[in-house]
Amino acid sequence: QVQLVESGGGEVQPGGSLRLSCTVSGMTSAYYAIAWFRQGPGRGREGVSCIDNRDGSTNYEDAAKGRFTISRDNVKGTVYLQMDNLKPEDTAVYYCAADQPLIYSLCVLFHEEYTDWGQGTQVTVAS
């Protein structure tokens, strides 16, 4: 059984930083991707970033490029999302999700591809 558990959310002022963690267990495919999605107030779920477990290739949504960094620690079974220079529009519930088996050469940020989801962690950016 796949389990994804997010942590690290909280409240921060604009310009601040947070690091989210997603602990992953129970994966059954040799190749898979882990992604971060978010859903803000009144908005649909949108992809933020993803990383695969083959060579660590990453993909970012435009608003995350240059501010967010996704990484993985295969020993700990954890995927991280380092978020810097946070803005009020980054306020959302952040979810991690798993896409397995990974069939693309680069992980994608379409939520329909992801079959297993964590419970989410709240990030609030406010002064």
Rounded distance (nearest 0.5 Å) linking atom CD1 of Ile51 with atom SG of Cys22:
11.5 Å
Shortest non-hydrogen contact between Ser21 and Thr78, atoms and distance
CB-CG2, 4.1 Å
Evaluate the side-chain proximity of Val125 to Lys87: yes if any heavy-atom separation is below 4.5 Å, no if none is.
no
Any donor and acceptor pair, going by atom type alone, linking the side chain of Asp99 with main-chain N or O of Leu102 inside 3.5 Å?
no
Could you tell me if Arg19 sits above the aromatic ring of Tyr80, with its cationic atom closer than 6.0 Å to the ring centre and no more than 45 degrees from the axis?
yes
With a 4.0 Å cut-off on N to O distance, would you call Asp90 and Arg38 a salt bridge?
yes
Under 6.0 Å from the CD atom of Gln13, do we count more than 12 heavy atoms belonging to anything else shown?
no
Stepwise side chain to side chain contact (heavy atoms under 4.5 Å, CB included) check, Trp117 with His111:
CA-CA 10 Å; Trp117 294 78; His111 67 85; 3.9 Å; yes
Check: Tyr60 side chain, Gly66 main-chain N or O, donor-acceptor pair, under 3.5 Å:
no
Do the side chain of Glu61 and the main chain of Ala63 share a donor and acceptor less than 3.5 angstrom apart?
yes
Considering all heavy atoms of both residues, which atom of Tyr95 and which atom of Gly118 are nearest to each other, and what is their separation?
CD2-O, 3.7 Å
Could you grab the distance from atom SG of Cys107 to atom CD of Glu113, nearest 0.5 Å is fine?
11.0 Å
Any donor-acceptor N or O pair under 3.5 Å, side chains Glu11, Thr124:
no
Roughly how far apart are Leu106 CG and Cys50 SG, rounded to 0.5 Å?
6.0 Å
Tell me, with the steps shown, if Arg54 and Tyr32 meet side chain to side chain contact (heavy atoms under 4.5 Å, CB included).
CA-CA 8 Å; Arg54 292 171 301 194; Tyr32 59 87; over 6 Å; no
Answer yes if the side chains of Tyr94 and Gln39 hold a donor-acceptor pair under 3.5 Å, and no otherwise.
no
From CE (Met27) to CD (Gln1), nearest 0.5 Å:
12.5 Å
Grab the two heavy atoms, one from Leu18 and one from Leu86, that are nearest each other, plus how far apart they are.
N-CD1, 3.9 Å
Under a single-linkage definition using a 4.5 Å side-chain heavy-atom cutoff for Ile, Leu, Val, Met, Phe, Trp and Tyr, are Val79 and Leu109 assigned to the same hydrophobic cluster?
no
Considering all heavy atoms, the nearest Arg72-Asp55 contact
NH2-C, 3.7 Å
Atom pair CG/CD of Asp116 and Gln100 - distance to nearest 0.5 Å:
6.0 Å
So how far is it from Gln82 CD to Phe68 CZ, rounded to the nearest 0.5 Å?
10.0 Å
Let's go through Trp36 and Glu6 carefully: what are the C-alpha distance in whole Å and the side-chain angles of both, what is the deciding distance for side chain to side chain contact (heavy atoms under 4.5 Å, CB included) to 0.1 Å, and is it a yes or a no?
CA-CA 10 Å; Trp36 287 96; Glu6 303 97 334; 3.8 Å; yes
Could you check Val93 against Thr121 for side chain to side chain contact (heavy atoms under 4.5 Å, CB included), going step by step and ending with a plain yes or no?
CA-CA 5 Å; Val93 178; Thr121 186; over 6 Å; no
Looking only at non-hydrogen atoms, find the nearest pair between Ser17 and Asn85 and report the distance.
OG-N, 4.3 Å
Tell me the closest heavy-atom pair linking Leu4 and Ala97, and the distance in Å.
CD1-CA, 3.8 Å
How are the rings of Phe37 and Tyr114 set to each other: parallel, tilted or perpendicular (split at 30° and 60°)?
perpendicular
Are Ile34 and Val108 co-members of a hydrophobic cluster defined by side-chain heavy atoms under 4.5 Å apart?
no
Quick check: do Gln3 and Ser25 have side-chain heavy atoms less than 4.5 Å from each other?
yes
Are the side chains of Gln122 and Thr91 in touch, meaning some heavy atoms are under 4.5 Å apart?
yes
